[in-house]
Amino acid sequence: SVERNYNLSHFSISEIVQLASSNRDKIAMDAISIIKSDFAEGRVINILIGHGENCGIYLPHSYSHNCNHAKYESIFLLSEFMEKGLIGVFIEIFMIYKVFLFMFSLGKRKKNLILLLWGSIPLVIHFLGMIFVFLKDPTLPTWLLMFRLSENASKLETYERKDSEKENCL
């Protein structure tokens, strides 16, 4: 049997970080250098809509040349900016804002709270996990649909409350 040596004492701190992070810091440096060159050379299209899916295949890797990654997986906003550009990042931030705003508004509600939470919590968990992975996920359409159903249920409850208040006033 092969014995594994987990003694990392002969490695430097930077080598351990590289090993643990799968070179994501070098990939982030690559993304930053590409974004800097986009701004310096005035590539407005790339700044606005990004470089597209799997742009790591054809864009240079000056810092992480030993890594052949199809994506610039590093920090969430940096990775998303590389693929989707400024417009895509603003749309994603707006989506996250709307979901969290809805979740904070649930504190005032008493009726159907379980239903509203059932439709919202999976998307919130997905957004929190998005810090480490990309927004795309096979389950994302399901979470968005569940959130939309819970959002509609919340609006229906609001309309019913307003109608009952009008009847009480009459």
Just wondering, do Glu92 and Lys84 contact through their side chains at under 4.5 Å, heavy atoms? yes
From Met29 atom CE to Lys36 atom NZ, the distance as rounded to the nearest 0.5 Å: 6.5 Å
Has Tyr58 got more than 12 heavy atoms of other residues, nucleotides or ligands less than 6.0 Å from its OH? yes
If you group Ile, Leu, Val, Met, Phe, Trp and Tyr by side-chain heavy-atom gaps below 4.5 Å, do Val89 and Tyr97 land in one group? no
If you measure from CZ on Arg43 to NE2 on His51, what distance do you get to the nearest 0.5 Å? 6.5 Å
Correct closest heavy-atom pair for Trp143 and His126 would be CD1-CB, 3.9 Å
Hey, quick one: are Leu149 and Leu144 part of the same hydrophobic cluster, counting side-chain heavy atoms closer than 4.5 Å, chains of contacts allowed? no
Same apolar cluster: Leu145 and Val99, side chain cutoff 4.5 Å: no
Straight-line distance of Ile32 CD1 to Ile27 CD1, nearest 0.5 Å: 12.0 Å
All heavy atoms of Ile47 vs all of Asp38, minimum pair found to be CD1-O, 3.9 Å
Report the distance from atom CD1 of Ile49 to atom CD1 of Ile87, rounding to the nearest 0.5 Å. 7.5 Å
Taking side chain as C-beta onward, heavy atoms only, is Ile93 less than 4.5 Å from Leu77? yes
When rounded to the nearest 0.5 angstrom, what distance separates CH2 in Trp118 from CE in Met146? 4.0 Å
In this structure, would Leu101 and Phe90 fall into the same cluster of hydrophobic residues linked by side-chain contacts under 4.5 Å? no
Non-hydrogen atoms of Leu86 and Phe81 that approach each other most closely: N-CE1, 3.6 Å
Between atom SG of Cys55 and atom CD of Glu83, what is the distance when rounded to the nearest 0.5 Å? 5.5 Å
Which atom of Phe147 lies closest to which atom of Ser120, heavy atoms considered: CD1-OG, 3.9 Å
Grab the two heavy atoms, one from Gly119 and one from Ser150, that are nearest each other, plus how far apart they are. CA-CB, 3.7 Å
Find out if a path of hydrophobic residues (ILVMFWY) with successive side-chain heavy-atom gaps under 4.5 Å connects Leu128 to Met103. yes
Answer yes or no: is there a side-chain heavy-atom contact under 4.5 Å between Leu78 and Ile35? yes
Looking at Asp30, is its backbone amide N or carbonyl O close enough to the side chain of Ser33 to form a donor-acceptor pair, meaning the two atoms are under 3.5 Å apart? yes
